[in-house]
Amino acid sequence: MFSYYLQLGLRSLRRNPILTALMVLGIALGIAASMTTLTVLHLMGSDPIPWKSSKLLHVQLDNWDINQPYGDDGSPPDQVTYRDATALMQAGKADKQTAVFKLALPIQPENPEVKPFLSVGRVSYGDFFSMFEPPFKYGQGWGKAEDDAHARVVVLSRETNEKLFGGTDSTGKTVRIDGNDYRVTGVLDDWTLRVKYYDLTNGSLDDTEAFFIPFTTGIDLKQRSSGNNSCFKDSGPGWDAYLASECVWMQVWVQADSPARKAEYKSFLDSYVNEQKKLGRFARPLDNRLLDVNQWMADQKVVSGDVKVQAGLGFAFLLVCLVNTIGLLLAKFTRKAGEVGLRRALGASRRQVFAQFLVESGVVGLSGGFIGLLLTGLGLYAVRALYTDYKTVAHLDWPMVVTTIVLAIAAAILAGLYPTWRACQVAPAAQLKTQ
């Protein structure tokens, strides 16, 4: 029966090509507008590492000024001091832990034909690689021995390895960074994150780093972070004074493999801060926080209010398109009153007529969905071209493709309900008398 209704629907649509085109185009434009904004919203807010996001925890300690909270809502700083980061790392109370910060350094290629270039790198402990699981093309990260020895080792991104070594396996080779030689322990494969969730304080949509070196080695360089740096009082002159200051400029992440381990680490943090209070630090009330990846993304408002408003406007436009489609379908089905009356007189039930017209509406929706999918792709391309920050989140994925088609069909059927109901109210006798 469905195939029969489908044949009737296609035949009906072909009889009014202009009206059909207007309905399909209306659905397509509404779908494109709504799905373009919804895709950006979906990819920005979706879980970036769902298999372990609840185990990766961002550490917040409130060492800020007693007279003025760090956040407008009283929240603690989003980063920690060097002295707290190193104390937490030395304690080693989590299953895994790393302190990280961003550093921009010049790389000097051995090939004289390649000019030196400035690259943004990440300074971290060796656990970073097992915690955040970047894919390796060659080699691997470093271990605790290299962290403790302040080793001059480096992990390169795929792009950096291609610049320096033409993409070949460079493990064991030497790279000169800011005048110092580093031994390559590994090369990452493509690691394109939709949201750089491990460092939301320095650009959540930024590219991943060009190189990674040990935290202890980075401190030896005596260069301040190229990321955010916040102080509520003067740190004093010199590098040592800066390290001992209350300035926050690095992040600490820990991995707790169970809720019990998370509770244990939270208890450890509270004990640590209470001990520091006895030394005259942490004047503010105790407010230590351990937020998992998704909680941290929500706290840092990765999905901005502007993106939510744009998604709302996109669906408002879809609603306008549906209202127009309802009008067109109503006009189309009203013109078919004679045909409906004849079918009813020949024994067709209202339910059968209703099903026929809904199938016809579904065909309009399916056609609009496929065209809307193409327009959505063009819309996302335009977003990437106009807003380079969104280049990692302005791409269709399979869930959004399926959502686009389903939404288009559902929208068209929804739009066809009232016109179809009106068409089913046709009185067969009245229509036959007028023929």
Side-chain angles (χ1 to χ4, degrees), residues 45-63 70-71 75-102 122-136 140-148 191 193-202 204 208 212 214-216 248-277 282 284-302:
S46 60
D47 192 339
I49 184 168
W51 57 93
K52 66 184 303 185
S53 58
S54 62
K55 299 178 181 180
L56 297 176
L57 309 170
H58 184 270
V59 177
Q60 287 180 273
L61 308 174
D62 197 350
N63 70 313
Y70 180 84
S75 59
D78 50 15
Q79 300 187 105
V80 300
T81 66
Y82 167 78
R83 61 194 298 187
D84 292 325
T86 53
L88 297 182
M89 293 303 301
Q90 289 170 5
K93 295 295 184 179
D95 295 303
K96 294 178 183 178
Q97 52 266 309
T98 185
V100 295
F101 64 91
K102 189 167 71 170
R122 178 135 312 252
V123 175
S124 73
Y125 281 82
D127 276 354
F128 176 91
F129 302 104
S130 59
M131 290 173 66
F132 298 102
E133 302 183 5
F136 275 85
Q140 59 188 0
W142 61 84
K144 188 176 185 302
E146 286 80 8
D147 285 327
D148 294 340
W191 193 33
L193 298 174
R194 296 193 298 263
V195 174
K196 198 169 72 173
Y197 61 94
Y198 60 82
D199 187 5
L200 300 179
T201 62
N202 292 293
S204 59
T208 53
F212 297 79
F215 181 96
T216 49
V248 294
W249 52 288
M250 55 185 61
Q251 307 92 46
V252 170
W253 283 89
V254 299
Q255 180 173 321
D257 291 334
S258 68
R261 291 289 291 149
K262 178 179 179 179
E264 290 174 8
Y265 196 82
K266 178 62 165 58
S267 178
F268 159 69
L269 286 181
D270 292 344
S271 298
Y272 169 76
V273 170
N274 284 327
E275 287 297 319
Q276 293 298 305
K277 284 179 176 290
F282 291 93
R284 297 188 60 78
L286 191 68
D287 188 15
N288 302 320
R289 301 186 184 183
L290 279 175
L291 301 183
D292 66 30
V293 170
N294 291 306
Q295 292 170 335
W296 182 233
M297 289 174 61
D299 181 85
Q300 293 295 294
K301 297 179 173 60
V302 170

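If you read the sequence from its start, that first residue is 1, and numbering goes on from there. These numbers come from the heavy atoms of this one structure, side chains and all, not from hydrogens, waters or symmetry mates.
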Judged by atom type as modelled, is there a donor-acceptor pair below 3.5 Å linking the side chain of T216 to the main-chain atoms of D148?
no
Over all atoms of both residues, closest heavy-atom pair of N202 and Q79:
ND2-OE1, 4.2 Å
Under 4.5 Å between any side-chain heavy atoms of E264 and K93, yes or no?
no
Applying salt bridge (charged side-chain N to carboxylate O under 4.0 Å, His left out) to K52 and not counting sequence neighbours gives E133
Residue pair L88 / F268, side-chain heavy-atom distance below 4.5 Å:
yes
What distance do L291 atom CG and Q300 atom CD have between them, rounded to the nearest 0.5 Å?
9.0 Å
side-chain contact (heavy atoms from CB on, under 4.5 Å) evaluation trace for L269 with V59
CA-CA 9 Å; L269 286 181; V59 177; 4.0 Å; yes
Classify the angle between the aromatic ring planes of F129 and W142 as parallel (below 30°), tilted (30 to 60°) or perpendicular (above 60°).
perpendicular
Under a 4.5 Å cut-off applied to non-hydrogen side-chain atoms, are T81 and N63 in contact?
yes
Residues L200, V195; criterion side-chain contact (heavy atoms from CB on, under 4.5 Å); working and verdict
CA-CA 8 Å; L200 300 179; V195 174; 3.8 Å; yes
Determine whether S271 and N274 satisfy the following criterion, side-chain hydrogen bond (donor to acceptor under 3.5 Å, both in side chains), listing intermediate values before the conclusion.
CA-CA 5 Å; S271 298; N274 284 327; 5.7 Å; no
Sequence-distant partners of F215, ring pair (Phe, Tyr, Trp, His ring centres under 6.0 Å), two or more places apart
F101, Y125
Sorted by chain and number, sequence neighbours left out, side-chain contact (heavy atoms from CB on, under 4.5 Å) with A87 holds for Y272
So do L56 and K96 actually touch side chain to side chain, heavy atoms under 4.5 Å?
no
Enter the distance from K196:NZ to T201:OG1 here, rounded to the nearest 0.5 Å.
9.0 Å
Checking L57 against Y265 for the side-chain contact (heavy atoms from CB on, under 4.5 Å) test, could you report, in this order, the C-alpha distance in whole Å, the side-chain angles of both residues, the deciding distance, and whether it holds?
CA-CA 10 Å; L57 309 170; Y265 196 82; 5.9 Å; no
Could you give the distance from CG (N288) to CG (D270), rounded to the nearest 0.5 Å?
5.0 Å
Checking P50 now: which residues fulfil side-chain contact (heavy atoms from CB on, under 4.5 Å) with it, not counting sequence neighbours?
D47
Below 4.5 Å, heavy atoms only, C-beta onward: do V80 and Q251 meet side chain to side chain?
no
Partners of D95 by salt bridge (charged side-chain N to carboxylate O under 4.0 Å, His left out), sequence neighbours excluded?
R261
Compare all side-chain heavy atoms of R289 with those of S75 and state whether any distance is below 4.5 angstrom.
yes
How would you list, by chain and number, every residue that makes a ring pair (Phe, Tyr, Trp, His ring centres under 6.0 Å) with F132, sequence neighbours excluded?
F128, Y197, Y198, W253
Near K144 NZ, under 6.0 Å, is it more than 12 heavy atoms from other residues, nucleotides or ligands?
no
Can you measure from CE (M297) to OG (S53) and round to the nearest 0.5 angstrom?
9.5 Å
Are the side chain of Q295 and the backbone of D292 linked by a donor-acceptor contact shorter than 3.5 Å?
yes
Find out whether V293 and P48 are in side-chain contact, i.e. whether some heavy atom of one side chain is under 4.5 Å from a heavy atom of the other.
yes
Compute whether any side-chain donor of one residue and acceptor of the other, for Q255 and D257, lie under 3.5 angstrom apart.
yes
Donor-acceptor pair, D62 side chain versus R284 backbone, under 3.5 Å?
no
Tell me the closest heavy-atom pair linking W191 and P135, and the distance in Å.
CD1-CD, 3.5 Å
Spatial distance of atom CG (D199) from atom CG (L193) [nearest 0.5 Å]
11.5 Å
Do you know the tightest heavy-atom contact between Q60 and P77?
NE2-O, 3.2 Å
Of the non-hydrogen atoms in D147 and S124, which two are nearest, and what is the gap between them?
OD1-O, 4.1 Å
Rounded distance (nearest 0.5 Å) linking atom CG of D299 with atom NE2 of H58
9.0 Å
Side-chain contact test, heavy atoms from C-beta onward, threshold under 4.5 Å: evaluate it for E275 versus F282 and give yes or no.
no
